[in-house]
2 protein chains.
Amino acid sequence: MTLSEEDYIKAIYHLGKGENTTVSTNAVAEQMETKPSSVTDMIKKLSDKGVANYKPYKGVSLTEYGQKIALSLVRKHRLWEVFLVENLNFSWDEVHEVAEQLEHIKSEKLVDQLDKHLGFPQVDPHGDPIPSKKGEFKKTIKKLLNEVPVGTSGICVGVKDSSTPFLKFLDKNDISLGDTVLVMEKEEFDGSLNIKIKEKIIHISNQIAANLYLKITE
Amino acid sequence: MTLSEEDYIKAIYHLGKGENTTVSTNAVAEQMETKPSSVTDMIKKLSDKGVANYKPYKGVSLTEYGQKIALSLVRKHRLWEVFLVENLNFSWDEVHEVAEQLEHIKSEKLVDQLDKHLGFPQVDPHGDPIPSKKGEFKKTIKKLLNEVPVGTSGICVGVKDSSTPFLKFLDKNDISLGDTVLVMEKEEFDGSLNIKIKEKIIHISNQIAANLYLKITE
DNA sequence: ACAAATATTTAGTTTTATCTAAATATTATT
DNA sequence: AATAATATTTAGATAAAACTAAATATTTGT
Ligand SMILES: [Mn+2]
Ligand SMILES: [Mn+2]
Ligand SMILES: [Mn+2]
Ligand SMILES: [Mn+2]
């Protein structure tokens, strides 16, 4: 697969939320920051290659083979992200762009050895699971912080949005993955929350809460 | 620069032996395993971009700017090679192909942090010097093993040929960089040598000796 | 100095990945 | 059910990087 084909495969995979959902041409175009006509061309090619199922006007989905390729790319992307943070002093908001390049490097040995070198990590710096070599991963049960009732306590295990502004916000407010969070109070009017984290009580907007995943402990 | 442009720049750099020599179209074509007509197109483009000096029928050389790019690529290539050997259990004959891809990853922070992570290595697994961020490196005085007189003793510091067959040969015969070598005897007829290495005396052909660099100690 | 051999460039194609503009299909609205 | 809005595809064009075949320039050998 070419770099471009690989990025399309990943886009279809992510838009389908990892399940094998059919996604629209326009959705792919938006994700790839390209034009719908370019997408049509590409998904025809992917279809010819046996990577995607394409019915004109009906959207596109990945074949089993396509799913495998997607999972391998996700695996590589997330392993490189771990490497950048763990070994090269990158912060979690700086890794995506570089991993977007590194995921296309072709070498099975490289990936396997990287995995080993990092101690077979289960999640990337944003809390997203890393598929095994065979493409398997367990999805941990997690809930968005704005959807749990007051009184819920849990561990912060991931972010939904991994854009730089959001991650920088979390850094600034000293919120990290692994922190224990207790929902103290919820404002009816705007859905904002008072949460206890690291012995401090802080106030966060609903929009922030809607992008933080919690593994509920109690 | 595109990946392809970068590989051409490196080819011109290496054919010019690092000095700013003019190299022929055909030489570049052979190095790049491509056709001379493709080279003509590319060096015109590099010339337009201010990377190369090109006079039709007179060959091509790098501008200062081109030299800088070449050195940055060589730096990245060799740092990645060190990483693969030191951290990911690659052997020295497996690294080139992967480094050929990794050298094109664009991230200044990545390179600087990789350099730091590796402890600012001075040479790659084949004994070739790693340019500093500014593009500087000292070339160590080294001689090919087949060109030194009998009785010379030195340390094996590099290989001229870094093809897999040659490197595998050295592995098989337990010859590594850093080993002390003493030239015992030289056969007039075929230029083959008896050398003492790691307390053992072994016989090597002139062709082998012609690809091993020695830093002379005595 | 001329012819032959070699090196290099030019002209014209191909493939990949993109684009714009126009055509067509699907979905939503009255 | 017809029309309007939206989504998608088709047609045709462009740029990058390669190729082949033919033309031209340079170098070599006599
Ligand atoms: Mn990518
Ligand atoms: Mn991630
Ligand atoms: Mn390369
Ligand atoms: Mn090397």
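Just the heavy atoms: all of them, side chains too, but no hydrogens, waters or symmetry mates, feed the values below.
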Task: Side chain B:Lys215, main chain B:Gly158, donor-acceptor under 3.5 Å - done: no
Open item on the list: Just by distance, no angles: are the side chains of B:Ser192 and B:Asp190 close enough, under 3.5 Å, to form a donor-acceptor pair?
Closed with: yes
- [ ] Mind calculating the distance between CD (A:Glu30) and P (D:dA7) to the nearest angstrom?
- [x] 10 Å
- [ ] Looking only at side-chain atoms of A:Ser37, point me to the closest of D:dT20, D:dA11, C:dT18.
- [x] D:dA11
- [ ] Take atom CE of B:Met32 and atom P of D:dA18, then tell me their distance rounded to the nearest Å.
- [x] 6 Å
- [ ] Ignoring backbone atoms, establish whether B:Asn26 has a side-chain N or O less than 4.0 Å from OP1 or OP2 of C:dT8.
- [x] yes
Task: A:Thr140 side chain vs A:Lys142 backbone, donor-acceptor pair below 3.5 Å - done: no
- [ ] Please confirm whether the backbone N or O of B:His126 pairs with a side-chain atom of B:Asp124, one donor and one acceptor, at under 3.5 Å?
- [x] yes
- [ ] Starting from C1' on C:dT16, measure out to CG on A:Asp41 and report it in whole angstrom.
- [x] 10 Å
Task: Rounded distance (Å) that lies between atom P of C:dC19 and atom CD of A:Glu33 - done: 11 Å
- [ ] Can you tell me the distance, in whole Å, between the CG atom of A:Leu15 and the P atom of D:dA7?
- [x] 15 Å
Open item on the list: Tell me which pairs pass salt bridge (Lys or Arg N to Asp or Glu O under 4.0 Å) where either residue lies in residues 5-26 of chain A, with sequence neighbours left out.
Closed with: A:Glu5-A:Lys45, A:Glu5-A:Lys49, A:Glu6-A:Lys106, A:Lys10-A:Glu100, A:Lys10-A:Glu103, A:Glu19-A:Lys139
Open item on the list: Short of 4.0 Å, heavy atom to strand atom, which residues of residues 47-61 of chain A count as contacting DNA chain C?
Closed with: A:Tyr57
Open item on the list: Could you tell me how far apart A:Ile43 (CD1) and D:dT10 (P) are, to the nearest whole angstrom?
Closed with: 10 Å
Open item on the list: What contact category does B:Ser4 fall into here, base, sugar-phosphate, or nothing, at under 4.0 angstrom with non-hydrogen atoms?
Closed with: sugar-phosphate
TODO: Specify the separation, in whole Å, of atom NZ of B:Lys44 and atom P of C:dT8.
DONE: 14 Å
Open item on the list: Please enumerate all residues that pass side-chain hydrogen bond (donor to acceptor under 3.5 Å, both in side chains) together with B:Ser176, with sequence neighbours excluded.
Closed with: none
TODO: Assign A:Thr40 to base, sugar-phosphate, or nothing according to its heavy-atom contacts below 4.0 angstrom with the strands shown.
DONE: base
- [ ] Return the orientation label for the B:Phe83 and B:Trp80 ring planes: parallel under 30°, perpendicular over 60°, tilted otherwise.
- [x] perpendicular
Task: Spacing between B:Met42 atom CE and D:dA16 atom C1', to the nearest angstrom - done: 8 Å
